[in-house]
Engineer: 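To start, I am sharing the structure in question, which I have written as structure tokens.
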Amino acid sequence: MIQYIEGQADWSKVRIGISAARWNAAITNEMVEGALSALKGRGVLEKNITVVRCPGSYELPLSCKQLLDNLEVDGVIALGVVIRGDTFHFDIVCDAVNRGIMELNLMYNKPVAFGVLTTDTAEQAVQRAGMDKGDKGAEAALALCEMIALGRKMKNIGN
């Protein structure tokens with residue numbers, strides 16, 4: 001028989017870190033608000049949420065690592081925006097951020113949610129940061145919550 005596993009958590013005891021890039025702050029600010037709203041809606045207490053700002057998306061992996069190293073968080077949300085320009089810089093930054101965040105997930109065995117918009121235009125980023133096309137800050141927060149709950153359930157299997 002196949003065993004299907006879904007997790008649950010006492011959200012009032014879960015501690016979350018959010019690292020948001022200051023670059024494209026008008027967009028990332030909206031993403032932070034979406035993430036906060038989703039976390040509070042899930043039951044995470046404000047006192048258990050820490051928000052830090054880093055210069056840009058490229059710095060997100062280190063900022064997230066510092067949250068994991070220095071605070072007792074159950075998971076971290078990385079929020080940023082990278083908008084394609086006329087140079088190869090877009091590809092370099094997107095690849096570095098993606099790899100860095102993925103490596104943190106595996107290194108710490110704690111979820112680091114990827115809430116980094118990679119768009120062709122500023123208009124696309126604005127649409128995705130708000131309710132027009134998905135509220136990506138909230139989506140990242142909900143994905144993080146799901147992974148925290150799943151991780152807790154997996155630890156208890158067989159105990």
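Residues take their numbers from the sequence shown, with the count starting at 1.
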Engineer: Could you walk me through whether Trp23 and Val82 pass the side chain to side chain contact (heavy atoms under 4.5 Å, CB included) test, one step at a time?
Structural biologist: CA-CA 9 Å; Trp23 192 260; Val82 185; over 6 Å; no
Engineer: Compare every heavy atom of Ile83 with every heavy atom of Thr121, then report the nearest pair and how far apart it is.
Structural biologist: C-CG2, 3.7 Å
Engineer: Of Ser63, Pro61, Cys64, which meets side chain to side chain contact (heavy atoms under 4.5 Å, CB included) against Cys54?
Structural biologist: Ser63
Engineer: Check the pair Thr118 / Phe90 against side chain to side chain contact (heavy atoms under 4.5 Å, CB included), numbers first and verdict last.
Structural biologist: CA-CA 8 Å; Thr118 55; Phe90 173 87; 4.0 Å; yes
Engineer: Considering non-hydrogen atoms only, spot the tightest contact between Ala9 and Val14 and give its length.
Structural biologist: CB-CG2, 4.2 Å
Engineer: Out of curiosity, Arg42 CZ to Glu146 CD, how far, rounded to the nearest 0.5 Å?
Structural biologist: 8.0 Å
Engineer: When rounded to the nearest 0.5 angstrom, what is the spacing between CG in Leu106 and CG in Asn109?
Structural biologist: 8.5 Å
Engineer: Within a 6.0 Å radius of atom OH on Tyr58, are there more than 12 heavy atoms belonging to other residues, nucleotides or ligands?
Structural biologist: no
Engineer: Applying a strict under-4.5 Å side-chain criterion to I, L, V, M, F, W and Y, I'd like to know whether Leu60 and Leu71 cluster together.
Structural biologist: yes
Engineer: Does Arg99, at its CZ atom, have more than 12 non-hydrogen atoms belonging to other residues, nucleotides or ligands within less than 6.0 Å?
Structural biologist: no
Engineer: Short question: side chain of Glu59, backbone of Gly56 - any donor-acceptor pair under 3.5 Å?
Structural biologist: yes
Engineer: If you compare all heavy atoms of Ala140 against all heavy atoms of Ala113, which two are closest, and at what distance to 0.1 Å?
Structural biologist: O-CB, 3.4 Å
Engineer: Starting from the C-alpha separation in whole Å, work towards a yes-or-no answer on side chain to side chain contact (heavy atoms under 4.5 Å, CB included) for Tyr108 and Lys65.
Structural biologist: CA-CA 9 Å; Tyr108 285 87; Lys65 183 180 185 311; 3.2 Å; yes
Engineer: Looking only at atom types and distance, does a side-chain atom of Thr28 sit under 3.5 Å from a main-chain N or O of Ala21, one as donor and one as acceptor?
Structural biologist: yes
Engineer: Any heavy-atom pair between the side chains of Arg53 and Val32 that's under 4.5 Å?
Structural biologist: yes
Engineer: Take Ile16 and Asn48 through the test side chain to side chain contact (heavy atoms under 4.5 Å, CB included) and record every step on the way to the result.
Structural biologist: CA-CA 6 Å; Ile16 305 292; Asn48 292 340; over 6 Å; no
Engineer: Going hydrophobic residue to hydrophobic residue with side-chain gaps under 4.5 angstrom, can you get from Met31 over to Val116?
Structural biologist: no
Engineer: Would you say the side chain of Leu79 lies within less than 4.5 Å of the side chain of Ser19, judging by non-hydrogen atoms?
Structural biologist: no
Engineer: State yes or no: do Val97 and Val52 share one hydrophobic cluster built from I, L, V, M, F, W and Y residues joined by side-chain heavy-atom distances below 4.5 Å, directly or via other members?
Structural biologist: yes
Engineer: Nearest 0.5 angstrom please: Leu67 CG to Leu62 CG, how far?
Structural biologist: 10.0 Å
Engineer: Quick check for you: to the nearest 0.5 Å, what is the distance between His89 atom NE2 and Ile92 atom CD1?
Structural biologist: 7.0 Å
Engineer: Verify the cluster assignment for Leu142 and Val44: are they in a single hydrophobic cluster under the rule of side-chain heavy atoms below 4.5 Å apart?
Structural biologist: no
Engineer: What heavy-atom pair brings Ala35 and Ile18 nearest, and what distance separates the two atoms?
Structural biologist: CB-CD1, 4.2 Å
Engineer: Quick one: closest heavy-atom pair of Cys145 and Leu39, and the distance?
Structural biologist: SG-CD2, 3.6 Å
Engineer: When rounded to the nearest 0.5 angstrom, what is the spacing between CG in Asp69 and CD in Gln66?
Structural biologist: 7.5 Å
Engineer: Sort out for me which residue in Arg152, Arg15, Lys110 forms a side-chain hydrogen bond (donor to acceptor under 3.5 Å, both in side chains) with Asp74.
Structural biologist: Arg152
Engineer: Do Val73 and Leu36 sit in one hydrophobic cluster, given that two such residues count as connected whenever their side-chain heavy atoms are within less than 4.5 Å of each other, even indirectly?
Structural biologist: no
Engineer: Please give me the minimum heavy-atom distance between Thr119 and Ala125, naming the atom from each residue.
Structural biologist: OG1-CB, 3.7 Å
Engineer: For Asp91, is there any backbone N or O sitting under 3.5 Å from a side-chain donor or acceptor partner on Asp95?
Structural biologist: no
